> 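Sharing a structure here in structure tokens format.
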Amino acid sequence: MENPVLAMNYRGPYRVRLDEKPMPRIEHPRDAIVRVTRSCICGSDLHLYHGMVPDTRVGTTFGHEFTGIVEQVGPEVANLKVGDHVLVPFNIACGQCHFCKQGLFGNCHESNPHATAVGGIYGYSHTAGGYQGGQAEYVRVPYADVGPTVIPEWMDPDDAVLLTDVVPTGYQAAEMGGIQKGDTVVVFGAGPVGIMAARCAWLFGAGRVIVIDHLDYRLEFVREYGPAEVYNYKELDDVVVFMKHTTDGLGADVAIDAVGGDAKGNVLQTLFGNKLKLEAGNAIALHWAINSVKKGGIVSIVGVYGPTGNMVPIGNVLNKGITIRANQASVPRLLPKMIEHVRNGHINPKALITHRVPLEHVADAYHIFAAKLDGCIKPVLVPAGS
Ligand SMILES: NC(=O)c1ccc[n+]([C@@H]2O[C@H](COP(=O)([O-])OP(=O)(O)OC[C@H]3O[C@@H](n4cnc5c(N)ncnc54)[C@H](O)[C@@H]3O)[C@@H](O)[C@H]2O)c1
Ligand SMILES: [Zn+2]
Ligand SMILES: [Zn+2]
């Protein structure tokens, strides 16, 4: 192989390793090549790692949250120059199609033309366009004139890498919840996304923020960081009944699902959704969200599910008059605002980083993050020499 570079390589469920791959090349005038300085592992990568997402191909390099130094730019990329340190939104978006023009960068029509739902995403299954990701030394960045943003001088690169996904996703979770002043917001999931959603709920005027998970170390973290009231669902007889009791019998005004298809907490859902794969993941957190929001309330979903699911209480959605809002986050739309929130100290992203792992130990990092070992909240992979 000419000029090989190191990259994470998916070998099948629960098996990833570091391998040599060809150096990525400019393939289109709007491409750039970026030398990665940091890349995170995300809960979305875990859906791939667990074999939950259709058409996840052996040989794919994952990684949609990365920063890096611009090494090369195509002739149509006027906004970047070689040597710029950029953060790269996880959405691959053309910036020009019907959806990008509305700010729906997560639903770009051009970057994933064979699909009718999601736009392109780095390092994801081929259902998201089949692009190689950033858990590597180098990555090809398509539409480099749209997504990549030069990291401001004053910003810590550890903050920057979390602006590629976690911060805007948590923010959008709160935004889609339509939070009104004084609202009670319940967030399911105390992973990086749920933690950030809880933090951002206050920015929209929430009066009470509750976070539910079963991992005490994460609940302890978000209790301070949110701040939030926290509950371990394993210690509650029934999450939904608890949520009713603690809200005068009404339910929360807004419920956020920051868990997605790898949820735990219900044997039947685990059997059908995760073991037998008869539906697109385990929908118990969504189930709880729907049943614990008040009549007329809003359920905001950022947790990722496959295309079809059948164990969602859709009748309750109808009869309670619930509004469901959901999407992949639209990172380029939110970035300017997120940068301001970091600058003025409203959000401190890098506090979530618990593990800094050399890229060569990528397999260990996946294992630690997936099994929730060693107090792991967010691992960052760092290529040698960066
Ligand atoms: N929409 C988007 O743009 C977007 C972006 C990033 C991540 N995501 C998705 O957000 C979700 C969370 O990502 P993350 O990085 O925080 O993942 P994570 O795996 O670190 O966190 C998920 C958390 O949910 C908890 N959990 C499991 N079952 C639960 C239940 N029944 N009730 C409450 N909590 C439960 C887990 O213990 C864990 O702490 C994933 O589905 C991911 O794919 C979506
Ligand atoms: Zn992510
Ligand atoms: Zn587009």
Side-chain angles (χ1 to χ4, degrees), residues 39-50 52-53 62-66 89-113 118-124 133 143 146 161-162 164-173 176 186-197 211-219 221-222 231-234 239 256-266 269-270 281-289 300-305 326-332 334 352 369-372 376-379:
S39 63
C40 296
I41 307 177
C42 176
S44 298
D45 294 321
L46 296 183
H47 306 314
L48 305 172
Y49 182 69
H50 293 150
M52 293 295 297
V53 184
F62 298 168
H64 56 268
E65 305 181 0
F66 57 91
F90 80 83
N91 317 112
I92 301 178
C94 76
Q96 298 167 344
C97 71
H98 178 80
F99 299 101
C100 285
K101 277 190 194 145
Q102 293 176 54
L104 291 166
F105 294 95
N107 313 95
C108 175
H109 212 49
E110 294 296 321
S111 60
N112 189 16
V118 75
I121 300 178
Y122 292 96
Y124 220 66
Y143 306 111
V146 178
V161 75
L162 293 180
T164 62
D165 182 343
V166 168
V167 176
T169 300
Y171 186 90
Q172 186 168 321
M176 291 191 301
V186 58
V187 180
F188 292 93
V193 171
I195 292 168
M196 205 48 78
V211 178
I212 292 175
D213 200 301
H214 66 109
L215 298 173
D216 286 326
Y217 77 91
R218 289 184 164 200
L219 290 172
F221 180 88
V222 70
Y231 299 97
N232 183 330
Y233 65 73
K234 285 193 170 157
V239 185
I256 293 173
D257 173 354
V259 180
D262 279 302
K264 300 205 160 44
N266 182 279
Q269 290 267 0
T270 300
N282 180 325
I284 192 61
L286 177 56
H287 201 111
W288 289 344
S300 164
I301 310 174
V302 283
V304 165
Y305 296 93
N327 210 343
Q328 297 283 350
S330 182
V331 179
L334 292 168
L352 274 61
F369 183 55
K372 314 297 191 227
C376 188
I377 295 180
K378 189 74 175 174

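When a ligand or atom number is given, it counts from 1 through the structure's own listing order. Predicted, not measured: the structure shown is a model, and the values here were computed from it.
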> So, with waters excluded, how many protein N/O/S atoms does the Zn ion (ligand 3) have closer than 2.8 Å?
4
> Does Leu215, backbone or side chain, put an N or O under 3.5 Å from an N or O of ligand 1?
no
> Hey, is ligand 1 close enough to Pro192 that some N/O pair sits below 3.5 Å?
yes
> Consider every N or O of Trp288 and every N or O of ligand 1, then say whether any pair is closer than 3.5 Å.
no
> Under 3.5 Å between any N/O of Gly43 and any N/O of ligand 1: does that happen in this structure?
yes
> Could you give the distance from CG (Leu162) to CE (Met196), rounded to the nearest 0.5 Å?
6.5 Å
> For atom 31 (N) of ligand 1, which candidate among Met52, Lys264, Gln172, His214 holds the nearest heavy atom?
Lys264
> Could you work out, with side chain to side chain donor-acceptor pair (under 3.5 Å) as the rule, every residue matching Asn91, not counting sequence neighbours?
none
> List the residues meeting side chain to side chain donor-acceptor pair (under 3.5 Å) with His214, not counting sequence neighbours, and say none if there are none.
none
> Nearest to atom 25 (C) of ligand 1, what protein heavy atom do you find, and at what distance?
Asp213 OD2, 3.1 Å
> Going by heavy-atom distance to atom 40 (C) of ligand 1, choose the closest among Asn282, Val259, Asn327.
Val259
> Report yes if the distance between the aromatic ring centroids of Phe90 and Phe66 is under 6.0 Å, otherwise no.
no
> Could you tell me whether some N/O pair between Lys372 and ligand 1 is separated by less than 3.5 angstrom?
yes
> Would the number of heavy atoms belonging to other residues, nucleotides or ligands and lying under 6.0 Å from NZ of Lys264 be above 12?
no
> What is the closest protein heavy atom to atom 2 (C) of ligand 1, and at what distance does it sit?
Gln328 OE1, 3.4 Å
> Among Ser300, Ala258, Gly260, whose heavy atom sits nearest atom 12 (C) of ligand 1?
Ala258
> What protein N/O/S atoms sit under 2.8 Å from the Zn ion (ligand 2), by chain and number?
Cys42 SG, His64 NE2, Glu65 OE2, Asp165 OD2
